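Whatever order the structure lists ligands and atoms in, that order sets their numbers, starting from 1. Note that this is a predicted model, so its numbers are computed, not measured.
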Amino acid sequence: MTVSLSPVQTIATKPFADQRPGTSGLRKKTKVFQQPHYLANFVQSIFASLEGFEGKTLVVGGDGRFFNREAIQIVIKMAAANGFGEILVGRGGILSTPAASALIRAEKAFGGIVLSASHNPGGPDEDFGIKYNISNGGPAPEKITEAIFAHSKTIESYKIVEAPDVDLDALGETQVGRAKVRIVDPVAVYLKLMESLFDFPAIKQMFGAGFTLKFDAMSAVTGPYAKAIFEEALGAAPGSVVNAEPLPDFGGHHPDPNLVHAKHLYDLAMSAKAPDLCAASDGDGDRNLVIGRGQFVTPSDSLAIIAANAHLAPGYKSGIAGVARSMPTSRAADRVAEKLGVGIYETPTGWKFFGNLLDAGKVTICGEESAGAGSNHVREKDGLWAVLMWLNILAARKQSVKDIVRAHWADYGRNYYSRHDYEGVASESADALIAGLRASLPALPGQSLGALTIAAADDFAYHDPVDGSVSKQQGVRILFADGSRIVYRLSGTGTSGATLRVYIERFEPDLAKHDLETQAALAKLIAAAEKIADIRRHTGRDEPSVIT
Ligand code: VG1
Ligand code: CO
């Protein structure tokens with residue numbers, strides 16, 4: 001008698017109207033995802049938007065947040081039912097976003113599904129998310145995310161294998177339906193990749209000589225990676241990595257490594273007990289925070305400094321092909337690219353826009369003002385990569401973070417930069433503010449606000465130089481005659497109401513003026529930003545909820 005392979009069931013369902021992926025996948029309140037069929041509908045819509053995966057490999061993992069394990073079981077059973085031949089899952093359901101990208105590439109997988117709402121808080125009353133990555137390891141481009149959304153609006157059924165849950169904690173292989181499920185070490189492939197890029201012996205020597213690090217994994221996904229890399233491979237003192245165990249609710253914290261949610265690190269870095277380097281990563285491990293003793297490094301500056309120094313790391317010793325940054329990111333990196341004589345590209349917000357440039361070999365280093373940096377080693381931003389890059393630069397230059405940042409400003413000038421977020425604004429009010437800005441665009445050039453004169457104003461549209469696709473309405477830009485900028489856009493990662501982001505930048509070439517407090521240095525522009533967009537009237541807020 002033959003045992004029938006677990007039968008594929010076709011389950012009838014009805015569409016949910018709200019499954020349009022945002023800046024980085026679909027993010028909703030966990031309770032929304034827990035509704036019957038909600039996750040399954042989206043997963044089926046992903047598969048319906050792909051072609052040619054029969055018998056191929058799918059990588060699956062998540063950031064460990066509440067509902068991660070349940071979601072992974074559903075994804076495994078649906079991938080098997082839809083015809084994937086092999087499903088690779090990080091042990092415990094864990095894979096950081098960059099590690100998932102690395103695994104997709106190393107295993108030549110067809111694609112991957114990452115369960116994460118990234119820097120959004122987790123737990124039964126917080127956020128959950130899911131995103132699909134293509135075979136280059138990067139986020140699905142808009143063509144695919146729009147197809148997923150289109151399918152989700154008409155879906156009538158999904159396929160799932162009836163099978164017992166897979167033991168996610170035991171390395172090895174099992175069979176689910178006709179697919180092989182392989183539970184793999186989530187760290188191994190990633191660690192090997194990092195060893196190939198950075199001078200581990202030099203960094204190890206630096207730690208041996210007493211260099212001190214405090215890395216906060218924020219009870220999110222990077223703990224196991226950071227322990228293995230910093231403490232075990234590089235010899236950082238035990239305890240250098242804190243909050244190293246991924247927790248379903250991130251210990252009740254907001255796993256966003258910014259100056260609000262990681263203020264304790266900032267305070268430590270500014271204190272008498274400051275280690276040489278303080279660093280952190282977000283929920284899914286793709287963002288980074290870097291603070292030297294007495295010196296915070298803005299993500300925009302970090303991108304520029306990494307671009308200028310990447311050649312010091314073995315993986316980049318022959319130089320970089322080019323740099324890409326998201327449009328709102330400061331133009332500090334542009335000056336480096338110019339000096340190096342390499343290309344600089346300006347893309348819309350979100351890592352999915354870097355994939356084509358990286359695949360085409362036009363750029364090596366990419367970054368966003370939102371604490372994201374990465375390179376052509378994967379197709380996602382990579383928090384630990386950024387910290388390792390800094391460690392490598394510090395080991396090679398034998399200078400402090402502070403000295404390196406100061407020297408960079410002295411060479412290139414300083415781009416004062418800040419982002420003001422207005423969170424939880426009513427969607428209609430936020431939409432009205434943006435609509436008002438768009439309507440005012442033609443009349444803005446030539447207007448003066450005090451000493452500032454508006455030279456140009458537009459709604460950023462991106463023309464992808466590789467595939468020719470066009471993405472419109474990616475942020476309203478106000479460009480001033482002195483080179484300063486204000487950018488307005490609405491967040492595409494929130495799960496309740498709208499978040500208005502206002503990005504403010506001013507270039508200061510004068511070395512004698514590199515020590516101003518950032519908000520003070522930008523005060524005139526901040527006032528102009530209010531005036532141009534009428535933020536107070538539209539949002540009812542007197543000040544931003546988060547300043548980074
Ligand atoms: C934000 C950031 C953006 C980043 C995105 C995903 O998007 O601004 O730069 O790529 O989050 O990061 P938005 O649409 O909210 O501004 V993560 O760490 O959530 O994957
Ligand atoms: Co993230």
Side-chain angles (χ1 to χ4, degrees), residues 20-28 61-65 95-101 114-122 127-133 138-140 142 145 217-218 220-222 250 254-258 261-262 280-289 298-300 302-303 324-330 346-355 366-374 378-386 417 419-425 430 434 460 471 473-475 487-503 545-546 548:
R20 179 181 226 144
T23 311
S24 175
L26 182 71
R27 293 184 197 179
K28 299 285 173 198
D63 63 12
R65 71 179 62 217
L95 275 180
S96 77
T97 286
S101 187
V114 178
L115 289 314
S116 171
S118 187
H119 57 285
N120 299 19
D127 295 350
F128 193 77
I130 175 168
K131 54 188 174 179
Y132 179 71
N133 283 25
E142 279 189 328
T145 56
M218 303 190 92
V221 81
T222 47
F250 306 128
H254 199 137
D256 189 347
N258 62 25
H261 301 300
S281 199
D282 71 333
D284 63 333
D286 54 1
R287 295 187 179 205
N288 73 85
L289 172 74
T298 71
S300 291
S302 183
L303 172 66
R325 60 164 174 82
S326 67
M327 184 273 283
T329 302
S330 101
E346 191 175 41
T347 59
T349 294
W351 212 262
K352 58 176 170 261
F353 295 101
F354 293 135
C366 304
E368 294 192 280
E369 51 65 41
S370 56
V378 288
R379 293 294 179 273
E380 290 276 7
K381 56 187 184 274
D382 189 342
L384 291 174
W385 173 91
Y417 186 85
R419 187 177 94 190
H420 289 195
D421 290 336
Y422 297 79
E423 294 176 337
V425 175
I434 296 290
F460 179 58
S471 304
Q473 302 202 317
Q474 298 296 321
V487 175
Y488 304 86
R489 60 179 284 281
L490 299 183
S491 158
T493 56
T495 58
S496 54
T499 293
L500 168 70
R501 303 203 196 283
V502 185
Y503 311 80
S545 12
V546 179
T548 49

Decide whether an N or O pair under 3.5 Å exists between [X] and ligand 1.
X      : answer
Thr349 : no
Tyr503 : no
Ala117 : no
Arg489 : yes

Which atom name does [X] have for its N/O/S atom nearest to the Co ion (ligand 2)?
X      : result
Asp282 : OD2
Asp286 : OD1
Asp284 : OD1

Would you say that [X] contacts [Y] through its side chain, given a criterion of any heavy-atom pair below 4.5 Å between the two side chains?
X      : Y      : value
Val114 : Ile130 : no
Pro328 : Arg489 : yes
Arg379 : Asn133 : no
Ser96  : Glu380 : no
Ser24  : Trp351 : no
Phe250 : Pro121 : no

| Which residue from Lys352, Lys381, Glu369 reaches closest to atom 6 (C) of ligand 1 through any of its heavy atoms? | Lys381
| request: Have a look at Ser118, Pro299, Gly383, Gly129 and point out the one with the heavy atom closest to atom 17 (V) of ligand 1. | output: Ser118
| message | Measuring from non-hydrogen atoms of Gly350 to any atom of ligand 1, is the shortest distance under 4.0 Å? | response | yes
| query | Has Arg27 got any heavy atom lying under 4.0 angstrom from an atom of ligand 1? | reply | yes
Which of the numbered atoms in ligand 1 are under 4.0 angstrom from any heavy atom belonging to [X]?
X      : result
Gly492 : 13 (P), 14 (O), 15 (O)
Ser24  : 6 (C), 20 (O)
Arg419 : 8 (O)
Arg501 : 8 (O), 13 (P), 15 (O), 16 (O)

| query | What class does the angle between the rings of Tyr503 and Tyr417 fall in, given that below 30° is parallel, 30 to 60° is tilted and above 60° is perpendicular? | reply | tilted
| Would you say the side chains of Ser491 and Thr493 form a donor-acceptor pair under 3.5 Å? | yes
Heavy-atom contacts under 4.0 Å between [X] and ligand 1: side chain, backbone, both, or neither?
X      : value
Thr23  : side chain
Asn120 : neither
Ser491 : both

Please state which protein non-hydrogen atom is closest to [atom] and give its distance, to 0.1 Å?
atom                   : result
atom 2 (C) of ligand 1 : Ser370 OG, 3.5 Å
atom 4 (C) of ligand 1 : Glu368 OE1, 3.5 Å
atom 1 (C) of ligand 1 : Arg287 NH2, 3.5 Å

| said: Closer than 2.8 Å to the Co ion (ligand 2): does that hold for any N, O or S atom in Ser118? | reply: yes
| task | Decide side chain to side chain contact (heavy atoms under 4.5 Å, CB included) for Thr349 and Gln474; before the verdict, give the C-alpha distance in whole Å, the side-chain angles of both, and the deciding distance to 0.1 Å. | result | CA-CA 7 Å; Thr349 294; Gln474 298 296 321; 5.8 Å; no
Could [X] and [Y] be called an ion pair, given the rule that one side-chain N must be under 4.0 Å from one carboxylate O?
X      : Y      : value
Asp284 : Lys131 : yes
Glu346 : Arg325 : yes
Asp256 : Arg287 : yes

| query | Is a donor on one side and an acceptor on the other found under 3.5 Å between the side chain of Ser545 and the backbone of Glu423? | reply | yes
